[in-house]
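Quick note on labels: first sequence line is chain A, next is B, and so on, each numbered from 1. The basis for the numbers below is simple: all heavy atoms, side chains too, and nothing from hydrogens, waters or symmetry mates.
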2 protein chains.
Amino acid sequence: MDKKRKALLNAKAEVLKALSHPTRLYMVEELARGEKCVCKFNEQIDADFSTISKHLSVLKQAGIVRDEKRGKRVFYTLEVPCVLGFMGCVETVLKSRIEAQTKIMKQ
Amino acid sequence: MDKKRKALLNAKAEVLKALSHPTRLYMVEELARGEKCVCKFNEQIDADFSTISKHLSVLKQAGIVRDEKRGKRVFYTLEVPCVLGFMGCVETVLKSRIEAQTKIMKQ
DNA sequence: TCATCATTTGGTTATTATGCCAAATGTGCA
DNA sequence: TGCACATTTGGCATAATAACCAAATGATGA
């Protein structure tokens, strides 16, 4: 495998890894409906401030969201809305998993 | 957040996590071009047999691939081709990341 | 300037993931 | 049956992640 492909695979994997946490996925889904300040997430998510802040920072590092400070607050925006398109397919995976399970149980 | 949504988020995150490793991403991309036996991956990927086998098993657990034993060999197939659709978007993320970097460097 | 609010950063610990080696399993063939 | 090949499983060391608490930063308004 050439270096270029390896580098690209690493970069893609990094983006996917950023999305592969339930809390971060929740954040992305919520941000799809519009920008949100960290304080809102603090209300909605049952975890320490610092934990929430770190999750947002992972998404930001990955290039999925953007942040903007306005006054005391920080607002996050979904920078790449197409990630939502993923979810349709992910759900397809889930469905096919359920079907496979059903098959096994019928045996 | 209700239990149902939480469970769905967990399940989705699990699928994404399975995809978020360069070696596994490579496997998925290769399988998109048709089924492949483990032996082929052993030739192409510079890692121990056991490591490769475990990566394939992660993809299988997640419901992304399917395996089929034929003779001595095991063949893997991409069960949910739509995952490739992800990649277009992931590349968009990468591009927007590069743009952001460029912006920073121009400052 | 000082206190306060919102958020991030640093540090620690527990959990999980990765990758290798060695051993086990399963299949076909002599 | 017994050997050789292909793959998986178990075990272990190391690395990466996640969550919490405490402390630091940055902005506002008294």
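- At whole-Å resolution of the value, NZ in A:K72 and P in C:dA3 are 15 Å apart.
- Between the CG atom of A:L56 and the P atom of C:dT7 there is a distance of 10 Å, given to the nearest Å.
- By the criterion of side-chain heavy atoms lying less than 4.5 angstrom apart, applied directly or through intervening Ile, Leu, Val, Met, Phe, Trp or Tyr residues, B:V58 is not grouped with B:V15; the two fall into different hydrophobic clusters.
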(request) Walk me through it: do A:L78 and A:I64 pass the test side-chain contact (heavy atoms from CB on, under 4.5 Å)? (result) CA-CA 6 Å; A:L78 188 57; A:I64 298 162; 3.9 Å; yes
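- Along DNA chain D, read 5' to 3', the first and last nucleotides having any atom under 4.0 Å from a heavy atom of chain A are D:dT17 to D:dT28.
- Put simply, A:N42 has no side-chain N or O that comes within less than 4.0 Å of OP1 or OP2 on C:dA6.
- A straight line from NZ of B:K54 to C1' of C:dA17 spans 11 Å, rounded to a whole angstrom.
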(request) In sequence, state the C-alpha distance, the side-chain angles, and the governing distance for A:V83 and A:L19, and then conclude on side-chain contact (heavy atoms from CB on, under 4.5 Å). (result) CA-CA 9 Å; A:V83 294; A:L19 290 169; 4.3 Å; yes
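- The hydrophobic clustering, which links ILVMFWY residues whose side-chain heavy atoms are closer than 4.5 Å, places A:V80 and B:L94 together.
- Note that CZ of B:R24 is 9.5 Å distant from NZ of B:K17, once rounded to the nearest 0.5 Å.
- Within the structure, a side-chain polar atom (N or O) of B:H55 is placed less than 4.0 Å from OP1 or OP2 of C:dG19.
- When rounded to the nearest whole Å, the span between NZ of B:K17 and P of C:dT15 equals 15 Å.
- Both B:C39 and A:V58 lie near DNA chain D, and the one whose nearest nucleotide falls closer to the 5' end is B:C39.
- Atom-to-atom distance recorded for B:L59:CG and B:H21:NE2 is 10.5 Å, nearest 0.5 angstrom.
- In this structure, A:R70 is positioned above the aromatic face of A:F75, its NZ or CZ under 6.0 Å from the six-membered ring centre and within 45° of the axis.
- Regarding A:F75, its CZ atom lies at a distance of 11 Å from the C1' atom of C:dA6, rounded to whole Å.
- Nucleic acid contact class of B:F41 (heavy atoms, under 4.0 Å, all strands): none.
- Note on A:R70: every side-chain N or O is 4.0 Å or more away from OP1 and OP2 of C:dA6.
- If you check residues 43-52 of chain A against DNA chain D, the residues with a heavy atom closer than 4.0 Å are A:A47, A:D48, A:S50, A:T51, listed by number.
- Atom-to-atom, CG of B:L19 to P of C:dA17 comes out at 15 Å; the value is rounded to the nearest Å.
- Note on A:V65: it clusters hydrophobically with A:V74, by side-chain heavy-atom contacts below 4.5 Å among ILVMFWY residues.
- Taking 4.0 Å as the cut-off between side-chain N and carboxylate O, A:R73 and A:E35 do not count as a salt-bridged pair.
- Atom P of nucleotide C:dT4 and atom CZ of A:R73 are separated by 18 Å, given to the nearest angstrom.
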